[in-house]
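Only one structure is covered here, and it is reproduced in the block below.
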Amino acid sequence: MATQQPEGHRRAHDAFASVLSGVRDDQLDSPTPCSEWAVRDLIVHVIGGSARLVDQQVAAPSTVAEALASHRASADAANAVFADDGAMERVYELPFGNVPGTVLVHMMTSDALAHAWDLAQATGQASDFEPELAAELLVVSRQMLRPEMRREGGPFGPEQTPPPDAPPLGELAAFFGRRPMQAG
């Protein structure tokens, strides 16, 4: 059975928070699979996505503790928006156009879960969490992501071939154009 969209959003942010709690302060400036972003930038991006939904501003965290608190507050606020009656039917204005809530919640859920994978890769943590949610997001993303949305250095790079033993989240990351980081 498919995960209800607001529930999936909450689960994706819980996964992100779990990985974030394993980050050390000395890793905040480390590279990530998103070549344009260090760990701190990636964290600000995820927090900022939720914060923009409720018209909040986000400051770059100085510590992981600050990032955890900011993430929890912004994720809780976004979760509350998506839990409101009619939230999935409402139309949301984004910089690139208007989208219904069903599309926005998918975008934000995919973003949070994919960036949880990025964060895990960047900080040497396990990245095999939320297999059911990742598989569901991959199915929908394959329907929504158009070829013209892909470009090097963009949110979606060229699709990669995941390793044969990749968990569903690794498959989703590869579909979005991510490559696993090399240890060391």
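Hydrogens, waters and symmetry mates play no part in the numbers below; they use all other heavy atoms, side chains included. We number each residue from 1, following the sequence as shown. Just so it is clear, the structure is predicted and the values come from calculations on it, not from any experiment.
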Notebook entry, point to check: Can you name the closest pair of heavy atoms from S127 and L169 and give their distance?
Noted result: O-CD2, 3.8 Å
Next item on the list: Scan H106, E136, R10 and name whichever one has a side chain to side chain contact (heavy atoms under 4.5 Å, CB included) with Q5.
Entry: H106
Note to self: Check this for me: D165, atom CG, are more than 12 non-hydrogen atoms of other residues, nucleotides or ligands nearer than 6.0 Å?
What the structure shows: yes
Checklist line | V46 reachable from L53 in the ILVMFWY side-chain graph, under 4.5 Å edges | finding: no
Checklist line | From OG (S74) to CD1 (I47), nearest 0.5 Å | finding: 5.5 Å
Next item on the list: Any chance you could measure H115, atom NE2, to F176, atom CZ, to the nearest 0.5 Å?
Entry: 9.0 Å
Next item on the list: Decide whether M144 and F96 are clustered together by the hydrophobic rule: side chain heavy atoms of Ile, Leu, Val, Met, Phe, Trp, Tyr closer than 4.5 Å, transitively.
Entry: yes
Notebook entry, point to check: Cut-off 3.5 Å, side chains only: do H13 and T109 have a donor facing an acceptor?
Noted result: no
Note to self: With a 4.0 Å cut-off on N to O distance, would you call D14 and R72 a salt bridge?
What the structure shows: yes
Margin query: Quick one, M88 with L104, criterion side-chain contact (heavy atoms from CB on, under 4.5 Å). Give me CA distance, side-chain angles, the key distance, then yes/no.
Written below: CA-CA 8 Å; M88 295 299 101; L104 180 60; over 6 Å; no
Checklist line | Non-hydrogen side-chain atoms of V103 and Y92 separated by less than 4.5 Å | finding: no
Check: Is the shortest distance from a Lys or Arg side-chain nitrogen in E159 or R142 to a carboxylate oxygen in the other one below 4.0 Å?
Finding: yes
Notebook entry, point to check: Is any side-chain heavy atom of T102 less than 4.5 Å from a side-chain heavy atom of E89?
Noted result: no
Check: Is there a donor-acceptor contact under 3.5 Å from the side chain of E93 to the main chain of V91?
Finding: no
Check: Same cluster for V58 and V39 if Ile/Leu/Val/Met/Phe/Trp/Tyr side chains link at under 4.5 Å?
Finding: yes
Next item on the list: Could you go through the side-chain contact (heavy atoms from CB on, under 4.5 Å) check for I43 and L20 one step at a time?
Entry: CA-CA 8 Å; I43 293 167; L20 180 56; 3.5 Å; yes
Notebook entry, point to check: Shortest non-hydrogen contact from Q121 to P33?
Noted result: CB-CG, 3.8 Å
Check: To the nearest 0.5 Å, how far apart are CH2 in W117 and OG1 in T32?
Finding: 9.5 Å
Item checked: Distance-minimising heavy-atom pair for R40 and A60 -> CD-CB, 4.1 Å
Next item on the list: Would you sort out whether H9 and N79 count as a side chain to side chain donor-acceptor pair (under 3.5 Å), showing the intermediate values?
Entry: CA-CA 7 Å; H9 184 264; N79 288 333; 2.5 Å; yes
Item checked: Where V44 and P61 come nearest, the two heavy atoms and their spacing -> CG2-CD, 3.5 Å
Checklist line | M108/F82 under side-chain contact (heavy atoms from CB on, under 4.5 Å): CA gap, chis, key distance, verdict | finding: CA-CA 11 Å; M108 291 181 67; F82 290 135; 3.7 Å; yes
Next item on the list: Return the minimal non-hydrogen interatomic distance between L42 and C34, and the atom names on each side.
Entry: CD1-SG, 4.3 Å
Item checked: ILVMFWY network linking M107 to L137, side-chain heavy atoms under 4.5 angstrom -> no
Notebook entry, point to check: Any idea which heavy atoms bring A87 and V81 closest together, and the distance?
Noted result: CB-O, 3.2 Å
Check: Taking the side chain as C-beta and beyond, is there a heavy-atom pair between E36 and D41 under 4.5 Å?
Finding: no
Check: Is it true that a side-chain atom of S141 and a backbone atom of L138 form a donor plus acceptor pair closer than 3.5 Å?
Finding: no
Margin query: Assess the residue pair S18 and F129 against the criterion (side-chain contact (heavy atoms from CB on, under 4.5 Å)); give the C-alpha distance rounded to whole Å, side-chain angles, the decisive distance to 0.1 Å, and a yes or no.
Written below: CA-CA 10 Å; S18 179; F129 42 86; over 6 Å; no
Note to self: Looking only at the aromatic ring of each residue, does the gap between the centers of F16 and H71 stay below 6.0 angstrom?
What the structure shows: yes
Check: So if you build clusters from Ile, Leu, Val, Met, Phe, Trp, Tyr with side-chain heavy-atom gaps below 4.5 Å, do V140 and L94 land together?
Finding: yes
Check: Taking side chain as C-beta onward, heavy atoms only, is V23 less than 4.5 Å from Q125?
Finding: yes
Check: Are any non-hydrogen side-chain atoms of R24 and T123 less than 4.5 angstrom apart?
Finding: no
Notebook entry, point to check: From W37 CH2 over to H45 NE2, what is the distance, rounded to the nearest 0.5 angstrom?
Noted result: 4.0 Å
